[in-house]
Amino acid sequence: MPPIWIHVGLPVVAILVTFPLWNGFHPKGIMAAAIVIAGIIVSLLAHELGHAFMARRCGLAPVLIRLHAGGGEAISEGEGRTPRQDRLITLAGPAVNLAIGLACIAAFAILAADPPPPLQSDPASLWSRPPPTVMSPLFRALEWLGWLNLIWAAVNLLPAFPLDGGHLLYSVIEERSGSQRALFWTGTFGMIFAVIAKVVFIGGLLTGMVIWSPPYLAPNWQALKAARRPRATIVRLRKS
């Protein structure tokens, strides 16, 4: 396993994202938030390990995994990977989040489902049965982590830098039409989705939620500017 570097900004973002859970400082809410915060960091690490594992399968050498408030990067060394291998490496990260999300949702559905009430012929039994129990912190955290990973997998495939979807779109267009057109179209789509992301972020704040919403304006604007230069190439505009 390559060395792992975690920036302090990552847990800060995770704490802000879980604000609806710990708001009010109820013990069960704080416990659920703590589990989700740890789960967010583990899920991000698993995403980057998916990239690193596939890179190793393709003959590259993973040398570093960086986790930070903006996401993460799996850095590998090696030469000669084909476009197909590059796309497999890119898709491995979102695939891991999809698997984690489905597993968490399935576990929540199985473990947290209330058993069906027993058949009773006596109407008075309706008043004697105990009330339904409050959802435990673990079950609530499973539900949160399930949906967060599914949303994360979907957002990561948006055609925008620095997301995996942006790299996929760039790779497909670059192979057929060259780097300048690839930068132009990926940057254009990226700017559109970045503006939408900012609207979602502001809307979330107005409703009392912090919605961590990539993509960002800067890398996509850089791509558009680079597309106007001769022999444009992509340099550090994506997360690996």
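Computed from a predicted structure; not experimentally measured.
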Problem - Nearest-0.5 Å distance, CG of residue L142 to OG of residue S136 - result: 8.0 Å
Handout entry: Gap separating the OG1 atom of T90 from the CG atom of D164, nearest 0.5 angstrom
Key = 6.0 Å
Practice task
Applying side-chain contact (heavy atoms from CB on, under 4.5 Å), run through S43 and L148 and close with a yes or a no.
Solution key: CA-CA 9 Å; S43 296; L148 282 175; over 6 Å; no
Problem - L163 CG to N220 CG distance, which is reported to the nearest 0.5 Å - result: 8.0 Å
Exercise for the section: Keeping the roles fixed (side chain from H7, backbone from G9), state whether a donor-acceptor pair exists under 3.5 Å. Expected result: yes
Problem - salt bridge (charged side-chain N to carboxylate O under 4.0 Å, His left out): pairs with one or both residues in residues 87-107, sequence neighbours excluded - result: R87-E175
Problem - With sequence neighbours excluded, residues passing side-chain contact (heavy atoms from CB on, under 4.5 Å) with V199 - result: none
Problem - Listed once per pair and sorted, the side-chain hydrogen bond (donor to acceptor under 3.5 Å, both in side chains) pairs that draw on residues 92-111, sequence neighbours left out - result: H47-N97, N97-N149
Handout entry: Heavy-atom pair with the smallest gap, counting every atom of P94 and L157
Key = CG-CD2, 3.9 Å
Show me the donor-acceptor pairs, under 3.5 Å and distance only, between side chains in residues 15-23 and residues at least two apart or in other chains.
| unit_1 | atom_1 | unit_2 | atom_2 | d |
| --- | --- | --- | --- | --- |
| T18 | OG1 | A14 | O | 3.1 |
| T18 | OG1 | I15 | O | 3.0 |
| T18 | OG1 | W22 | NE1 | 3.4 |
| W22 | NE1 | I15 | O | 2.8 |
| W22 | NE1 | T18 | O | 3.4 |

Problem - 4.5 Å side-chain heavy-atom contact, L168 and V172 - result: no
Handout entry: Closest non-hydrogen atom pair, I40 against L145
Key = N-CD2, 3.8 Å
Practice task
Considering non-hydrogen atoms only, spot the tightest contact between A227 and Q180 and give its length.
Solution key: O-NE2, 3.3 Å
Problem - Residues, nucleotides or ligands: over 12 heavy atoms within 6.0 Å of F189 CZ - result: no
Exercise for the section: Return the minimal non-hydrogen interatomic distance between M31 and P137, and the atom names on each side. Expected result: CB-CB, 3.8 Å
Exercise for the section: Give the cluster check for I4 versus V8: same hydrophobic cluster or not, with ILVMFWY residues linked at side-chain heavy-atom distances below 4.5 Å. Expected result: no
Handout entry: same_hphob_cluster(V36, V96) at 4.5 Å side-chain heavy-atom cutoff
Key = no
Side-chain donor-acceptor pairs of residues 191-198 under 3.5 Å, sequence neighbours excluded:
| unit_1 | atom_1 | unit_2 | atom_2 | d |
| --- | --- | --- | --- | --- |
| K198 | NZ | P215 | O | 3.4 |

Practice task
Compare all side-chain heavy atoms of T186 with those of P159 and state whether any distance is below 4.5 angstrom.
Solution key: no
Problem - Nearest-0.5 Å distance that lies between atom CG in L64 and atom CH2 in W5 - result: 9.0 Å
Problem - Beyond-backbone contact of I41 with L45, side-chain heavy atoms, under 4.5 angstrom - result: no
Exercise for the section: Give the minimum heavy-atom separation between V13 and A69, together with the two atoms involved. Expected result: CG2-CB, 3.6 Å
Fill in the blank from the handout: Separation between CG (L217) and CG (L224), nearest 0.5 Å, reads 10.5 Å
Problem - E48 side chain near R66 side chain, heavy-atom distance below 4.5 Å - result: no
Exercise for the section: Determine whether I75 and P62 make a side-chain contact, defined as any pair of heavy atoms from C-beta on separated by less than 4.5 Å. Expected result: no
Exercise for the section: Rounded to the nearest 0.5 Å, what's the gap from CD on E73 to NE2 on H51? Could you check? Expected result: 10.5 Å
Problem - I65 vs P3 side-chain heavy atoms within contact, under 4.5 Å - result: no
Problem - Beyond-backbone contact of L10 with H68, side-chain heavy atoms, under 4.5 angstrom - result: no
Practice task
With sequence neighbours excluded, tell me which residues meet side-chain contact (heavy atoms from CB on, under 4.5 Å) with I105.
Solution key: W147, L150
Problem - Heavy-atom pair with the smallest gap, counting every atom of A223 and L183 - result: O-CB, 3.7 Å
Practice task
Spell out, yes or no, whether L169 and F184 are grouped together once hydrophobic residues are joined by side-chain heavy atoms under 4.5 Å, including indirect joins.
Solution key: yes
Problem - Any side-chain heavy-atom pair of W152 and L44 under 4.5 Å - result: yes
Handout entry: Other residues, nucleotides, ligands: >12 heavy atoms within 6.0 Å of W185 CH2
Key = no
